[in-house]
Amino acid sequence: MIQIKRALVSVSDKTGITEICSFLAKNGVEILSTGGTYDALSKAGIPVKKVDEFTGFPEILHGRVKTLHPKIHGGLLGDTTNPDHVKQMETNGIVPITLVIVNLYPFVKTVMKPDVTLEDAIENIDIGGPSMLRSAAKNHKNVVVLTDPKDYESFQKEFTTNSGKISRETAFSYAAKVFSETASYDSAISTYFNKRLGIKYPDKITFAFNKKQKLRYGENPHQDAAFYEPLFLKSQFEALQGKELSFNNMLDFDAAFHVASLLPKNAVSIVKHLNPCGIAFGETVLESFELARKTDPISAFGGIIGIHGRVEKEAAEEITKNFVEGVIAESFSNEALEIFSKKPNIRLIPIAKFDEALDELDLRSLHHGLLIQNRDYDLITKDKLKIVSKKQPTEDDLEGLMFAWNCVKFIKSNAIVYTDQNSTLGIGAGQMSRVDSVELGAMKAQKVGLSVVGSYVGSDAFFPFRDGIDAIAKVGAKAIIQPGGSIRDEEVIKAADEHGLIMVFTGMRHFRH
């Protein structure tokens, strides 16, 4: 057990600090402090000694050096179970400090300000704080260290129960939290510096995330899972209602959001197992939803819906006619929320800035490492298309082809999508052969009574042979948009011309593995 006799207190976040220090003082603990924390404790009438009085050395360099002193770090690092340490401490007039309550300058909060300067950021890099935390945490068998105000209450309870002592097991748990905090803090600083330098993929990379919530389970019920948000970006994934989210739910919500967010206002995407099973946009959210659901109503059952707009009463009524896992949208009207409340298991997530593309990194874990890429946000415009077929597209054809292209990028490779000008008709996803995806998409449309005659076909990558073009012509589609770039492009273009198809090249691939 660690007897608490002397505490060093220096906090940026002063939540609960006067309460815990008042508790310590009443129990005979000597308190040392600095700067604003000293002022707050003194004002509250709590007995406290300035660190410079304790060390005999003044604060210098505008407060940059105040706790970096042998009497401080000797008191934190001295192992009082080691006779040699005890002797050296006595020789040098160093007394043990058995409790540290420290949290750090608000670096992340500072650099998140839109007008922050590099000088402001640097001034908010804490040096003394992390040093004290690390020293105390290293010597956790002799020192208790608190960096999270949420731990103050449990500390006081154990202190009271054990007559001023804290178990080494508890001290170890606090130390673990400290090293997570200092690592996260350093990661935030390195991330900021790299961003200032425009370095996206440094030789050494660290990520700092805060746990936002524990998830219901992972991909399967026997797997544990949690959701973390980056320090520099507060996640808007806050459910208004519904069952606890699972790992798979989160993935599908994210996919539904990204599909709808890059399409026009009122666009709706319905996602099942990370693949869209319907995408559309119309004059209203209700119209868009009805069109999207038509593509594959069977798969839409139990799906997650992304809506680039506000959900009103009529759309909510239509959505709740069948079972859905959840809806992610810009907002929900009060009338819509009232309707959804009658189906309390449906998760509802509002995302206010739905069409604000973020500079996100796409992280994929491997057994032995991590893959990192930027998200596939790149879009092309009609003027960048290369018309390679003899048959020329009309302006309406170009609109339909662009819609097909902006849908296919979200479908798992090999991906083929059949559309009209504003809704999907048939989706062929995740097949090992592109011809299979062509046939699957047409078959799915036929299965629900939708015709792909005169449709627009989007392909996420080039056609390696003409067989895919022959299969598309066979079902009566009108036009094809694809990246091009195959060594057999001439053969593929010739096939399109033979069938009287429109074909345009984008020069951009959209594999989605």
Side-chain angles (χ1 to χ4, degrees), residues 259 262-263 269 274-279 295-296 376 378-382 384-391 393 397-446 450 452-513:
V259 176
L262 292 181
L263 290 171
S269 62
L274 279 182
N275 262 317
C277 56
I279 306 170
T295 306
D296 191 350
D376 186 7
D378 288 359
L379 298 172
I380 62 167
T381 53
K382 286 185 290 185
K384 301 295 184 184
L385 298 177
K386 181 181 179 182
I387 302 166
V388 296
S389 59
K390 290 178 181 177
K391 188 169 183 179
D397 291 331
L398 290 174
E399 291 289 340
L401 287 165
M402 287 301 299
F403 177 70
W405 183 246
N406 289 332
C407 289
V408 78
K409 70 181 292 183
F410 295 106
I411 298 165
K412 292 283 186 177
S413 302
N414 284 315
I416 291 289
V417 61
Y418 295 86
T419 77
D420 55 24
Q421 282 195 309
N422 66 333
S423 65
T424 50
L425 302 171
I427 297 172
Q431 301 304 301
M432 286 65 77
S433 158
R434 191 159 300 278
V435 175
D436 286 347
S437 292
V438 168
E439 293 173 346
L440 176 61
M443 181 271 288
K444 294 279 282 183
Q446 183 182 32
L450 294 176
V452 296
V453 174
S455 64
Y456 304 101
V457 178
S459 175
D460 64 337
F462 62 65
F463 289 88
F465 302 99
R466 66 169 288 158
D467 53 0
I469 309 304
D470 294 333
I472 288 169
K474 185 177 179 180
V475 297
K478 178 181 186 180
I480 301 168
I481 185 167
Q482 58 130 323
S486 167
I487 59 172
R488 295 184 178 84
D489 272 350
E490 286 188 18
E491 175 187 322
V492 169
I493 294 168
K494 183 181 178 182
D497 287 338
E498 285 177 11
H499 294 296
L501 294 171
I502 297 165
M503 183 177 285
V504 300
F505 284 1
T506 64
M508 177 188 292
R509 191 182 74 183
H510 281 309
F511 270 159
R512 193 171 186 82
H513 276 49

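Hydrogens, waters and symmetry mates play no part in the numbers below; they use all other heavy atoms, side chains included.
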Intermediate values then yes/no, side chain to side chain contact (heavy atoms under 4.5 Å, CB included), Arg434 and Asp467: CA-CA 9 Å; Arg434 191 159 300 278; Asp467 53 0; over 6 Å; no
Reported [atom1]-to-[atom2] distance for the pair [X] and [Y], which is rounded to 0.5 angstrom:
{"X": "Ile427", "Y": "Cys277", "atom1": "CD1", "atom2": "SG", "value": "7.0 Å"}
{"X": "Ile416", "Y": "Glu439", "atom1": "CD1", "atom2": "CD", "value": "11.0 Å"}
{"X": "Ser413", "Y": "Met432", "atom1": "OG", "atom2": "CE", "value": "12.5 Å"}
{"X": "Ile279", "Y": "Ser423", "atom1": "CD1", "atom2": "OG", "value": "10.5 Å"}
{"X": "Ile380", "Y": "Asp378", "atom1": "CD1", "atom2": "CG", "value": "10.5 Å"}
{"X": "Leu379", "Y": "Thr381", "atom1": "CG", "atom2": "OG1", "value": "9.5 Å"}

Considering non-hydrogen atoms only, spot the tightest contact between [X] and [Y] and give its length.
{"X": "Ala479", "Y": "Leu401", "result": "CB-CD2, 3.7 Å"}
{"X": "Val259", "Y": "Pro276", "result": "CG2-CG, 4.2 Å"}
{"X": "Gly484", "Y": "Asp489", "result": "C-OD2, 3.7 Å"}
{"X": "Val417", "Y": "Ala404", "result": "CG1-O, 3.5 Å"}
{"X": "Gly428", "Y": "Ile411", "result": "O-CG2, 4.1 Å"}
{"X": "Ala471", "Y": "Val438", "result": "CB-CG1, 3.7 Å"}

Val457/Lys478 under side chain to side chain contact (heavy atoms under 4.5 Å, CB included): CA gap, chis, key distance, verdict: CA-CA 8 Å; Val457 178; Lys478 178 181 186 180; over 6 Å; no
Which pairs would a plain distance check flag for residues 496-506, meaning a side-chain donor or acceptor within less than 3.5 Å of a matching protein atom at least two apart in sequence or in another chain?
unit_1	atom_1	unit_2	atom_2	d
Asp497	OD1	Lys390	N	2.9
Glu498	OE1	Arg466	NH1	3.3
Glu498	OE1	Arg466	NH2	2.9
His499	NE2	Asp470	OD1	2.8
Thr506	OG1	Met508	N	3.1
Thr506	OG1	Met508	O	3.0

Pairwise ring pair (Phe, Tyr, Trp, His ring centres under 6.0 Å) hits with a residue in residues 457-481, at least two apart: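 Not a single pair qualifies under ring pair (Phe, Tyr, Trp, His ring centres under 6.0 Å).
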For the pair [X] (side chain) and [Y] (backbone), establish whether a donor and an acceptor sit closer than 3.5 Å, ignoring hydrogens and angles.
{"X": "Lys444", "Y": "Asp296", "result": "no"}
{"X": "Lys412", "Y": "Phe511", "result": "no"}
{"X": "Ser437", "Y": "Asn414", "result": "yes"}
{"X": "Thr295", "Y": "Thr424", "result": "yes"}

Considering only heavy atoms from C-beta outward, does the side chain of [X] approach that of [Y] to under 4.5 Å?
{"X": "Asn275", "Y": "Phe410", "value": "no"}
{"X": "Leu263", "Y": "Asn406", "value": "yes"}
{"X": "Leu385", "Y": "Met402", "value": "yes"}
{"X": "Cys407", "Y": "Tyr418", "value": "no"}

CD (Glu491) with more than 12 external heavy atoms under 6.0 Å: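 It does: Glu491 CD has more than 12 such atoms within range.
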Test: Arg512 and Asp460 ion pair at under 4.0 Å: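 Salt bridge between Arg512 and Asp460, a charged N being under 4.0 Å from a carboxylate O: no.
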Candidate pair Asp420 and Leu425, rule side chain to side chain contact (heavy atoms under 4.5 Å, CB included), full reasoning: CA-CA 7 Å; Asp420 55 24; Leu425 302 171; 4.1 Å; yes
Distance-only polar pair, side chains of Asp397 and Tyr456, donor-acceptor under 3.5 Å: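 There is such a pair between these side chains.
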Those residues that, when tested against Glu399, pass side-chain contact (heavy atoms from CB on, under 4.5 Å) (two or more places apart):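 For Glu399, the residues satisfying side-chain contact (heavy atoms from CB on, under 4.5 Å) (neighbours in sequence not counted) are Lys382, Glu395, Gln421.
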